[in-house]
Structures are given as structure tokens and as C-alpha cells.
Amino acid sequence: MKKILYVFLCSLVVLTGCNKALETDSTRVVGEKNMWNTVEDARAGILGVYALTRAALSDNNGHWIYGDVRAAEFTSPKRQDLKAVISNNLNASYPVVESLSDWTRFYAIVNAANVFLENIAHVKANDKRYTDNTMTVDIAQARFLRAFAYFYMVRLWGDVPFITSSNEGVFENKPRESQAKILAWAEQEMLKAATDLPFVYSGGDVQQPTDYYNETSGRWGGALATKNTAYAVLAHVAAWTANYTSVATYTKFVMDNYSKSGIGFTSTNDLTNSNGFFYNKNTRQMFGFNSDWGHVDGSSTGHIEELTLAEPVTTKTVPDIYLPKDSILKYFNLPNDDRFTIDTLGQAVSERYFTNFNGKYPIFSKIKVIQGGGTDPNFRYFTSALIFTRLEDVVLLRAEALAVLGDRIGATDALIQILARRVKAESVIYINYDDLIKAIFEERHRELLGEGQRWFDLIRYNKIKQNDPKFMNLINSGGIYWPISRKLISQNNLLTQNPYWR
């Protein structure tokens, strides 16, 4: 554990130690000769890359502000910085907005992965306990996480600097490179990683047959990237580039193989239970980053609950964001929806997604993991997992792809596969199948609300439909991206600002 913490802290030094292109002073940290000698160093190195990925996504609640708040469906009663994001005023001078415009924390992931890939062979040479199989699996994970970091950045900023070597901690100024080039590279990297990733760790998988770092499968399930993880994220990469033939291919792989990783569908009750799907880690979390209450791993920040929960779920008076009642009724318009339904008198019948519906502020309480999955409102210490993708997301991506490709039967079947788990059978007839694309994205909205997907779904939806002039202008002008931090531009004269934000 000390070694893992050492690598994590060293990686944070990298985050603040890059020269001009990414940050300020250059510092050698994890490349020291005494670092890459033992199997413990290898374990610390790869888990450090995971830790940095989690930190990058959760910092300032970025994953949810990027994906949910920017979609302008939630309202912020008091926070001016969140109001700026909601109104697409991303040049506003608020610390949170400026911090979220800074990609440095993502390049910390890239650099940690680069350092790992460049040095891991030293462990193999110096410690006979480090097997060829474990090294192969570790390299695959590092490559996947590095490619994922680039994919995440491209969705936020478009063109970004492209760095695939650590240069021993010394970074030169780099210009931005084409997002198309980077995404093509990321897809190939993920495919290569998928070849070597196992379906399960410490579970007798042919590609990882022994106990991974002498831990049983219970330690790793839901914590590490699997072969299914790679193909699920590949589906997202392909959807972002509108390569729907590949989306169909990648999602089919997951649909054919998800059970090999212990993945399954999640009931509505489990999805919204305080000690259910989002609690701790489990194999159904296809790709996510957990907080383990048993290891005292949680915080009051870096979880969506910090933004959404308030009285009566916690003692906080006013939530940072909430969904207005008319919006809730507009989005959750299917009869007998287990996620949220009202009766003919306007009273909530199912409150799994929302609490206090008829109060001043309806509380989005789909995700509410307080401490160890308890319900005591006096504590604002959260341990929910940050989930990037899960099986329901993959099925709906498949429905999207098949609909675009003209396979209406296949798309409808995939859509109903999710709907049937959330609404009573008779409610399925209320779906507008004449506009299948719209129906699929409406279900993605309901199903994945609060999971950081909505803004990117809106972009894909409008690229498909092209019937909203205002949003199309935002796409064509580059307004869908974030501005690049003024601090980064001042440090690197090769960087150019996104045109929309000049």
C-alpha cells in the first residue's frame, strides 16, 4: 500500500512538474533506478495509472460537470460557476471553470502510462516473480488507460498535444494535433490492449490464469479493465466518430461475451439502492472507479452526491444542482416506470430517481452512497463508484448503431431489452417507434441520467438528426468543446485556443 501511495504521489508531482507544454518545471520522479526492480514496483506502477485516471475524472466533479451539468437540463440555485457552465459561458473567471479547462491532470495519466511502459521490462529482468503473463496483462492495461485518457480529452477539447513517451520527465512544447489522428491511434491501441486483456482476473482466464498479484478474483472484479471493458469503450470511440458499423461490431462482442466477466444487467432497485450497483465495486461495473468504504476510501467531494443531494437525503439545505419538476415529468413520461412515476394526483409512486418531488427542490437521488451504503442524513461522506460504462449503456449504444444502419428490428429489440427492465410490459407501447433514433436517445437519457453521458449523447444525437440549427451551429463552430486554459496557453506558445472561445 505504501508503494502504491508513493507512485500516486509521484504521479501527482508529474502532474505539476511538466515544462511549458503541460505545466511548469520539469522533475524526474518515477524513473529512478530504484523504482523498477520488483514485482511490487510493477503493481504500484499500474495501480498508480488507475488512481490518476480516477483522480482526473473526479477532480472538481469534472466527469459530471462535463457530462451532465453542461447539458443545461439541471438547474443550479446558488452556484455561479455551475450557472456559467449551464449557460455555456466557459470563459467565465471561476476557479472550478478554469480548472476544468486545464488538461494537465489527464496528461498525468498519459505520462504515468508512458513511464510504466518504458520501464516495466526492468522489473521483468530483475525479479523472477514477475511473469511474462503478468507483464503482458499489465502492458495491456497501461496502453488501454493511456488511450482512454486521449479519447476523454478529445471529447472535451478536440485537437490536443499528442505525447507517447516520457522523455525521462522532460516535456517540450507541443502543438495540438488532429483529433482524427489521435482517435485512430486510440482505437488501434485499445484493440491491441483488448487482445491481451483477460475477461476476468484471478479466475482461471486463459490470458491471466493465476492469482493476479496474489489476490483472488474478489479483489479485482470491477476494479480493473477487462476485455469487455476495452470493447465497450471502443464502441464509445467509434460512436464519437460516427463509425456505426464498428459500434455494431464492438457492442456485439460485448453482448456475446459479457457473462465471461461476471457482468450482467442491473435491476432498477439495485441501480438506485444506497448499497447496490454504485456501492463499492462489483463486476457489473464494466468500467469504473470505485471507492471502497471498507478501506476508508471515500470523500465529501469528487462524487455526484456532492452536487445533487440535499434535504431530506442529507442535511444540506440546498442542492448544487437539481432537475426542475416540469423537466422530470417531460423526461420520465412512461407509465409505470420503476425509476420515477407519478399518479393521477401528481404524487410520486416510484421515487427511486427523485426524492422530495413536490418540494421546492426535487432531489436527484438515483446515486446516494453515503459512507458504507447507509442512509443517515447527518453524514456527507460519499463512497459511490464513478462509472464510465455498464451493460445497459452498451446495449443502448448498439440500438443507436443499428438504427443508424437501418436495422430497425435489431435496434428496437435492443431498446426493448432495456425498457423491459424498467417499465411494465404494457408501457412499452407508449414509445414512439416512428422516430426510433429519438426514442433510443430518450431512453439513454432516462437510464444514464447522472452518469456523465448526456452532453456527449446530445452531440451524437444532433449529428445524426441535424434538425436543430442552434445546436448544429455549436457543433460546426467548435462550441461543443471546452476552451483551453489560459494558463496553459501562456506557458506554451505553440498552443492555439479553440476558435469558438477566442
Side-chain angles (χ1 to χ4, degrees), residues 7-31 45-60 62-63 65-66 96-119 141-179 181-183 185-186 189-190 193 233 237 289 302 386 388 481-498:
V7 171
F8 179 66
L9 292 175
C10 286
S11 300
L12 290 181
V13 174
V14 175
L15 187 147
T16 57
C18 305
N19 178 31
K20 289 188 177 180
L22 307 179
E23 258 295 343
T24 51
D25 297 329
S26 138
T27 306
R28 286 187 63 184
V29 283
V30 291
I46 193 60
L47 294 186
V49 184
Y50 279 99
L52 283 169
T53 307
R54 170 181 154 184
L57 270 59
S58 62
D59 184 53
N60 283 302
H63 181 66
I65 294 177
Y66 292 138
V96 167
V97 178
E98 176 65 20
S99 175
L100 294 178
S101 299
D102 189 337
W103 56 42
T104 303
R105 65 195 188 281
F106 289 97
Y107 280 101
I109 305 168
V110 170
N111 189 64
N114 287 340
V115 169
F116 182 90
L117 293 168
E118 291 163 7
N119 289 279
Q141 292 175 84
R143 294 179 78 167
F144 169 76
L145 291 170
R146 181 178 61 174
F148 173 73
Y150 272 116
F151 167 58
Y152 206 99
M153 283 194 286
V154 162
R155 294 198 308 171
L156 295 178
W157 289 284
D159 299 345
V160 296
F162 187 43
I163 301 168
T164 57
S165 64
S166 71
N167 293 324
E168 295 296 335
V170 178
F171 288 83
E172 299 177 356
N173 285 345
K174 294 274 188 180
R176 300 166 71 191
E177 293 206 33
S178 162
Q179 59 178 298
K181 171 185 174 181
I182 293 172
L183 286 174
W185 170 88
E189 282 289 286
M190 289 183 188
V233 177
V237 174
F289 302 89
L386 185 160
F388 181 81
Y481 301 117
W482 277 70
I484 298 166
S485 167
R486 292 180 285 263
K487 179 179 65 175
L488 293 178
I489 291 176
S490 70
Q491 293 167 353
N492 178 4
N493 58 15
L494 297 180
L495 289 180
T496 56
Q497 182 60 273
N498 277 320

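Computation of the quantities below employed the complete heavy-atom set of this structure, encompassing side-chain atoms and omitting hydrogens, waters and symmetry-equivalent molecules. Model, not experiment: these values are computed from the prediction. Along the sequence shown, residues are numbered consecutively beginning with 1.
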For [X], side-chain hydrogen bond (donor to acceptor under 3.5 Å, both in side chains) partners two or more places apart:
X	result
Y150	none
E177	K181
N498	R176
S99	N60

[atom1]/[X] to [atom2]/[Y] distance, rounded to the nearest 0.5 angstrom?
X	Y	atom1	atom2	result
T104	L488	OG1	CG	4.5 Å
L145	T53	CG	OG1	4.5 Å
D102	I484	CG	CD1	10.5 Å
D59	I65	CG	CD1	9.5 Å
R146	N111	CZ	CG	11.0 Å
Q179	M153	CD	CE	12.5 Å

Write down the atom of [X], the atom of [Y], and the distance for their closest heavy-atom approach.
X	Y	value
V110	A149	CG2-CB, 4.2 Å
A113	A142	CB-O, 3.7 Å
Y66	L100	OH-O, 2.7 Å
S166	N114	N-CB, 3.8 Å

- request: Dump the intermediate steps for side chain to side chain contact (heavy atoms under 4.5 Å, CB included) on V160 and F106, then the final yes or no.
  value: CA-CA 11 Å; V160 296; F106 289 97; over 6 Å; no
task: Look at the aromatic rings of F148 and F388 and report parallel, tilted or perpendicular, splitting at 30° and 60°.
output: perpendicular
message: As a quick check of understanding, evaluate side chain to side chain contact (heavy atoms under 4.5 Å, CB included) for R54 and L386, giving each step before the final call.
response: CA-CA 8 Å; R54 170 181 154 184; L386 185 160; 6.0 Å; no
Counterpart residues, side chain to side chain contact (heavy atoms under 4.5 Å, CB included), relative to S101 (two or more places apart): W482, P483, S485
query: Partners of A147 by side chain to side chain contact (heavy atoms under 4.5 Å, CB included), sequence neighbours excluded?
result: W185, A186, E189, M190
- request: Can you run down the salt bridge (Lys or Arg N to Asp or Glu O under 4.0 Å) pairs that involve residues 150-162, sequence neighbours left out, and say none if there aren't any?
  value: none
message: Going by ring pair (Phe, Tyr, Trp, His ring centres under 6.0 Å), W157 matches just one of W103, Y107, Y481, Y152. Which one?
response: W103
task: Return the set of residues passing ring-ring contact (aromatic ring centres under 6.0 Å, His included) with F116 (not counting sequence neighbours), or none when no residue passes.
output: W36
- request: Mind checking ring-ring contact (aromatic ring centres under 6.0 Å, His included) for Y50 and listing every partner two or more places apart, or none if nothing turns up?
  value: none
- request: Flag the pair P161 / L494 as yes when at least one side-chain heavy-atom distance between them is below 4.5 Å, and no otherwise.
  value: no
Flag, side chain of Q141 to backbone of I46, donor-acceptor distance under 3.5 Å: no
query: Are any side-chain N or O atoms of N119 and backbone N or O atoms of V115, one a donor and one an acceptor, separated by less than 3.5 Å?
result: yes
